[in-house]
J.: 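My structure is below; once you've seen it, I'll send some questions.
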Protein chains: 2
Amino acid sequence: MKSIETTFEKELKDEIALLPIVELKANSVVLMENSYVKEIPILLEGIIKVRKTDESGKEIILYQIYPGESCILSITACLNDKQCNAEAYVEKTSKLVMIPANKVKLWMEKYSSWKQYVYNHYYERFDELLGLIDAIAFKHVDLRLLNKLKEHQLKQGNEIEITHQILAKEIGTAREVISRLLKQLEKENFIILERGIIKIIRTL
Amino acid sequence: MKSIETTFEKELKDEIALLPIVELKANSVVLMENSYVKEIPILLEGIIKVRKTDESGKEIILYQIYPGESCILSITACLNDKQCNAEAYVEKTSKLVMIPANKVKLWMEKYSSWKQYVYNHYYERFDELLGLIDAIAFKHVDLRLLNKLKEHQLKQGNEIEITHQILAKEIGTAREVISRLLKQLEKENFIILERGIIKIIRTL
DNA sequence: TTGACATGGTGACGTACGTCACGATCATTA
DNA sequence: TAATGATCGTGACGTACGTCACCATGTCAA
């Protein structure tokens with residue numbers, strides 16, 4: 001998706017410029033499950049992850065929000081005056097603009113660029129969720145790990161900074177499983193493992 | 001969700017009344033994966049299922065569309081001029097109104113009841129998809145089968161007309177697995193199995 | 001320096017469930 | 001009436017992967 005600068009028309013950017021910028025520390029919860037939504041975040045810096053947690057504490061990452069993007073689940077809850085059905089938290093310290101819920105509705109009428117922004121989010125997130133369903137329904141964990149590694153490679157390059165634990169949660173499995181599979185990939189000379197770092201040395 | 005009668009304002013109902021009604025036979029594909037969307041269906045009678053199919057032919061039902069409802073994936077594709085990323089087909093012979101894609105966009109501005117209808121679909125379908133992810137990520141097949149049976153019970157009563165094969169596809173597993181689990185439930189006196197029918201005789 | 005955590009490596013074990021391979025019935029059509 | 005296809009039952013088998021139980025490091029704060 002595009003940056004706020006190029007996406008929105010001038011008057012909308014002016015309105016947004018008037019809104020407060022919030023800085024959140026790592027692991028802060030942006031949006032709680034089953035709560036009503038009063039503000040919609042647009043992410044300026046950092047990463048937000050949206051997760052679903054099981055009663056037993058197992059969790060899976062539904063999708064990630066990058067700078068310039070917003071949280072479609074919040075927007076949906078807001079447009080319908082309903083609760084939200086997943087949890088969003090910031091992975092690294094992040095900066096966000098918080099938009100009051102009532103503006104979100106207003107802007108849908110007032111600014112066609114906002115409307116298009118929301119429509120686009122619906123498309124992209126649906127696509128991601130369908131991809132996730134496809135993955136967990138049909139793909140084995142080893143393949144999903146490979147895809148996840150490639151995904152991180154696209155964003156971080158060949159030296160990926162991540163722990164096995166976080167990878168496991170992104171994929172929705174146990175840490176030991178990931179550790180074992182990664183070790184396997186290391187033996188096959190695809191990657192080199194270091195504490196908190198995965199170096200990719202051959203095309204996955 | 002509600003019926004078209006009560007949901008829409010008069011002028012919109014009048015517009016819809018002018019559109020052709022199509023009757024589709026069982027297993028017709030309403031909407032193909034990766035195709036551009038020219039018409040949005042509103043279902044009048046019957047059932048539409050939206051599915052994702054694996055290369056190997058395995059499939060899972062994403063959600064079902066009942067009378068009065070529409071297909072949010074079509075709408076999303078349409079609002080973004082993009083292809084659709086799943087396949088919809090009719091389960092039983094069904095009647096639908098087909099709305100030209102350009103009207104869908106127009107109506108978002110013109111009729112607030114239509115806008116609300118679409119917003120509501122987004123909320124409901126997201127909720128269902130998140131529920132599905134939760135289920136396939138965390139729940140075992142036996143539990144998912146129980147839930148699916150309850151779901152059918154709500155719609156059809158205690159005598160559910162369905163084959164093991166279809167149940168398997170709805171859940172995304174193999175027929176044998178479902179047959180075995182159902183047999184187990186029969187042994188435990190929860191259900192009675194007949195060809196094409198599952199009778200529920202005790203609270204699941 | 002010394003705990004206290006966070007990270008990760010690895011063996012052992014159980015099991016849910018996917019797959020193959022049959023056969024037995026029922027239903028529909030030629 | 002024979003034949004063909006849909007539906008269902010069931011045994012056998014393999015295996016991916018979740019879980020438990022440790023231990024070995026590295027890191028950071030007190």
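Every chain is numbered from 1 and lettered A, B, ... according to where its sequence line falls, protein lines coming before strand lines.
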J.: Please work out if A:Lys139 contacts a base, only the sugar-phosphate, or nothing of the nucleic acid, heavy-atom cut-off 4.0 Å.
T.: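 Nothing: the residue A:Lys139, judged by heavy atoms under 4.0 Å, touches no strand.
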J.: Any idea which of D:dA16, C:dT10, D:dC8 is nearest the B:Thr163 side chain?
T.: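 Output: D:dC8.
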J.: Take atom NZ in B:Lys38; do more than 12 heavy atoms of anything else shown fall under 6.0 Å from it?
T.: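 Not buried by this count: 12 neighbours or fewer within 6.0 Å.
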J.: Using whole Å, what does the distance between atom C1' of nucleotide D:dA16 and atom CD1 of A:Ile136 come to?
T.: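 These atoms are roughly 16 Å apart.
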J.: Between B:Ile162 and B:Arg180, which is nearer to the 5' end of DNA chain D once each is assigned its nearest nucleotide?
T.: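 Checking each residue's closest nucleotide, the 5'-ward one belongs to B:Ile162.
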J.: Classify A:Leu182 by what it touches in the nucleic acid, base, sugar-phosphate, or nothing, heavy-atom distance under 4.0 Å.
T.: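 Nothing: the residue A:Leu182, judged by heavy atoms under 4.0 Å, touches no strand.
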J.: Rounded off to whole Å, could you give me the CZ-to-P distance for the B:Arg144 and C:dA16 pair?
T.: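 Roughly 16 Å, once rounded to whole Å.
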J.: Consider the side chain of A:Ala174, meaning its heavy atoms from C-beta on, and name the nucleotide among D:dC17, C:dG8, D:dT19 that approaches it most closely.
T.: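 Ranking D:dC17, C:dG8, D:dT19 by closest atom to the A:Ala174 side chain puts D:dT19 first.
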J.: For B:Leu193 and C:dC26, give me the distance from atom CG to atom C1', rounded to whole Å.
T.: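 Those two atoms, CG and C1', are 15 Å apart.
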J.: Could you check how far CD of B:Glu194 sits from P of C:dT25, rounded to whole Å?
T.: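 After rounding, the reported distance stands at 17 Å.
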J.: From D:dC17, C:dG9, D:dG9, pick the nucleotide closest to the side chain of A:Val141?
T.: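 Ranking D:dC17, C:dG9, D:dG9 by closest atom to the A:Val141 side chain puts D:dC17 first.
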J.: Only one of B:Gln64, B:Gln165, B:Arg144 forms a side-chain hydrogen bond (donor to acceptor under 3.5 Å, both in side chains) with B:Glu170, so which one is it?
T.: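 Result for side-chain hydrogen bond (donor to acceptor under 3.5 Å, both in side chains) with B:Glu170: B:Gln64.
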J.: Would you say that more than 12 heavy atoms from the other residues, nucleotides or ligands in this model lie under 6.0 Å from the CD of A:Gln156, or not?
T.: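 Yes, the 6.0 Å shell around CD holds more than 12 heavy atoms from other groups.
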J.: Rounded off to whole Å, could you give me the CG-to-P distance for the B:Leu185 and D:dC8 pair?
T.: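 Spelled out: CG on B:Leu185 to P on D:dC8 is 15 Å.
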J.: How long is the line joining NZ of A:Lys199 and C1' of C:dG8, in whole Å?
T.: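 Interatomic distance, NZ of A:Lys199 to C1' of C:dG8: 17 Å.
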J.: Check the distance between D:dA16's P and A:Gln184's CD and give it to me in whole angstrom.
T.: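 Rounding to the nearest Å, CD of A:Gln184 and P of D:dA16 are 12 Å apart.
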J.: For A:Lys58 and D:dC17, is the shortest distance between a side-chain N/O and OP1 or OP2 below 4.0 Å?
T.: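 Answer no for this pair, as no side-chain N or O of A:Lys58 is under 4.0 Å from OP1 or OP2.
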J.: Below 4.0 angstrom from OP1 or OP2 of C:dG9, is there any side-chain N or O of A:His164?
T.: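 Yes, such a contact exists.
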J.: With a cut-off of 6.0 Å (strictly less than), are more than 12 heavy atoms of other residues, nucleotides or ligands near CD of A:Gln83?
T.: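 Yes, the 6.0 Å shell around CD holds more than 12 heavy atoms from other groups.
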J.: On DNA chain C, compare the nucleotides closest to A:Glu176 and A:Arg195; which residue's is nearer the 5' end?
T.: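 Residue closer to the 5' terminus by nearest nucleotide: A:Arg195.
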J.: Using 30° and 60° as the class limits, which term best fits the ring planes of A:Tyr122 and B:Tyr122: parallel, tilted or perpendicular?
T.: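 The rings of A:Tyr122 and B:Tyr122 lie parallel, inter-plane angle below 30°.
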J.: Once you round it to whole Å, what is the distance between P of D:dG9 and CZ of B:Arg175?
T.: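 From B:Arg175 CZ to D:dG9 P: 8 Å.
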